[in-house]
Amino acid sequence: MSSLKRVFGNPLFLTLVHYRVIVILGATVLIATSFVPSLADFRTFSLSMDRAAVLGIVAVGLTVVLLMGKLDLSVGAILALSGIATIGLQSQLGPTGAALVGIVVGVLAGALNGFLIVILQINSLVATLASMIFIRALCHFLTGSNPLSGADPLLGLAVSGAMGGTLSMRTYVFLLAIVLLFIWLTYTVGGRNAYAVGSNEDSATASGIRSNRYIFGAFLFSGFTAGIAGTLQSLATNTGSPVFGDAIALTAIAAVVIGGTRLEGGRGSSLGTLGGVLVLAAITTTLEYESVPSYYQDIVTGSILLLLILLDRIASDRPRSVLTLKTFFPQRTKDESHHSMSRKEEP
Amino acid sequence: MKLTLRFGAAAAAGVLFLTGCGGEDDSTNETESSGDTEICYVAAAESHAYASPANAAFQEAADELDVDLTLLSQEFDAQTGTDQLRTCIGRNPDGIVLWPVDPQAYVPGLVEAEEAGIPVVLINSPMGEEAEGLYASFTGPDTYEQGQLAGEVMDEELNDGNVVIIAGQAGNGTTIGRTDGFNDMLEELGSDIEVLQTVNADFDQQRALELSRDLISQHGEDIDGVYANDDTMARGFIDAWDESGRGTDNMPAIVGINGQQDAFESIKEGNYTATILQSPEEDGRLALETIVDAANGEDVESRIPISMTVVTEENVAEEEPAL
């Protein structure tokens, strides 16, 4: 056991484990570019970022939900419904109005989830499974199971085309969402409370945090981001399809978990999710460029997911403080914000 | 220390695994990249009774013509497919072949391809009116006509009665063509056949089996005929019928599409009314040859159909199954 302790106690090893997302991302990108040199082209980078954007926006919402120790399986169905609203209402409301309605639809669906989970106290997995099935059926009902198409296909290029030779509009939306979530989680009282609620709902409530509001808010936010993702996706493809987003919920959860957010709640970060999404995007782009069958991609994704969860175990068995940069630079880094949950104070 | 070693070994194995995967891809890439023409192909799926042989024929024709091929598979998900189409455009190939699984979603991508000056050929499934003029050619079967042929056969077989339709993915162009063609033909013929129910089994045998169980327990002996959008799903119904213990003698009239081996055998045994034969090999090969022509700047027909044959008890001995 002493040798085990020596390995796990080694500051270098622990640091690597702590920054495992960055390590994996670095390794993925390194391996990827060594096999497909053109991946380093900015155009390729821009395109794969654009591909990852919709998944990423959904993952931002899910990060908050998972942080609360809850799950939201309905994001794919919400994405489809928002997309259908965005395209289907274009003739009545114009593209901008319809897009706004699409986002509102997402928020309303999130409110439905919040109602089921907070007011009716249904387990989040079951509640969002039910709303997923219900909303998906609604999508098929509204469209007669046929995809709707919008008036102007060129509108999609504004969303998915590179802006001024840089990244696409939806990529910027994704990156902005990551930054805003980072600021909220790291620098605000609300963000710290969110960690507290996720870590232990009852003790958070006991220390004066309105846990239910945070949980309701998380599902509202998840619906909101799924709505944005659906709106952008449907504009980009000029299609509102009842089958869009079929597999996105699980992929997005995978991205969030790869990013270090724990399903048990209480731990996770916005930048981790960014890393998780980028890892998946790098894998997909590389393997597709090499014509590798998609099930190989799933093998790689599954392996990485497993590896990271095992590393997470190691990390969570250790006191958190050992893992930070503090080990090396005791004076320069301040403690991680979510560390403060044990000494929570009412705002 | 043992554990340290073990950890090291595990890490090394992990690295080997990752590089091993990459290395393998790299070598295939090298053998492929000998050609002058680069084609990017967004296929419907990798493992599927019809798509697999079509892809294989596509690959084979590409090898023969010394074409450098990148094959992506969207697994019947249009959202993945639209992204893959744009990945293709990003690679700047000489031509793109797209298997649309949605009639519209690819339109913005097609516009981008046109702007980039990359010709696109659609394989197998049609797209909607919005896409017209954005691709060089559409090769493959006319799914609407297949549906019509199926409707005709069903009408001849039953005259009147109740049928159920086991359709493919909701919203898929092939599903829409084959189902609408069937329904429109029944109407056109003034047929007394009534469609009891239409279900979407996603071109999947297992899904068709499950849905057929429901159909059989709901409608039972009222089902006089079954029209499946492909033979794979028809097989699902037949299995469900056998399972229910109703026996092959009372089997409803079954009409499928694709001309699969097992459908041929069932037709010979008299338990299967008809299948519409189309060759996936011809489908795949034709698309590749067409895109190579288009990539070389030749004019290609905007619509190149593949031949179709209605296979029934009468001509089953003379025809070869497609897959």
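Note that the structure is a prediction, hence the values are computed from the model and not measured. In what follows, chains are A, B, ... by sequence order, proteins preceding strands, each numbered from 1.
For chain B, the nearby part of A:R43 is the side chain; its heavy atoms alone come within less than 4.5 Å. Looking at B:D102, the atoms closer than 4.5 Å to chain A (heavy atoms on both sides) all sit in the side chain, from C-beta outward. Heavy atoms closer than 4.5 Å to chain A are found in the side chain of B:E115, but not in its backbone. Both the backbone and the side chain of B:T87 come within less than 4.5 Å of a heavy atom of chain A. Of the atoms belonging to A:T239, it is side-chain heavy atoms, and not backbone ones, that fall under 4.5 Å from chain B. A:E288 touches chain B through backbone and side chain together, each having a heavy atom under 4.5 Å away. Contact annotation for A:A236: only backbone heavy atoms (N, CA, C, O) come within less than 4.5 Å of a heavy atom of chain B. Residue contact with chain B, scored on non-hydrogen atoms closer than 4.5 Å, involves the side chain of A:S241 exclusively. Looking at B:L110, there are no atoms closer than 4.5 Å to chain A (heavy atoms on both sides), in backbone or side chain. B:Q79 touches chain A through backbone and side chain together, each having a heavy atom under 4.5 Å away. Of the two parts of A:S160, the backbone and the side chain both hold a non-hydrogen atom closer than 4.5 Å to a non-hydrogen atom of chain B. The contact between A:L148 and chain B is made entirely by backbone atoms, counting heavy-atom distances below 4.5 Å. The contact between B:I176 and chain A is made entirely by side chain atoms (from C-beta outward), counting heavy-atom distances below 4.5 Å.
Contact check for A:I87 versus B:Q104: no side-chain heavy atoms found under the 4.5 Å cut-off. At least one side-chain heavy atom of B:T80 sits under 4.5 Å from a side-chain heavy atom of A:R51.
A:Y172 OH: more than 12 foreign heavy atoms inside a 6.0 Å radius.
A:L47 and B:R86 make their closest contact through CD1-O, 3.6 Å (heavy atoms, listed as atom of the first residue, atom of the second, distance).
Contact tally against chain A (heavy-atom pairs below 4.5 Å) for B:E75, B:Q74, B:Q84: the top residue is B:Q84. Contact tally against chain A (heavy-atom pairs below 4.5 Å) for B:A78, B:A170, B:P108, B:S73: the top residue is B:P108.
Note: B:D83 CG to A:T285 OG1 = 9.5 Å, rounded to the nearest 0.5 Å.
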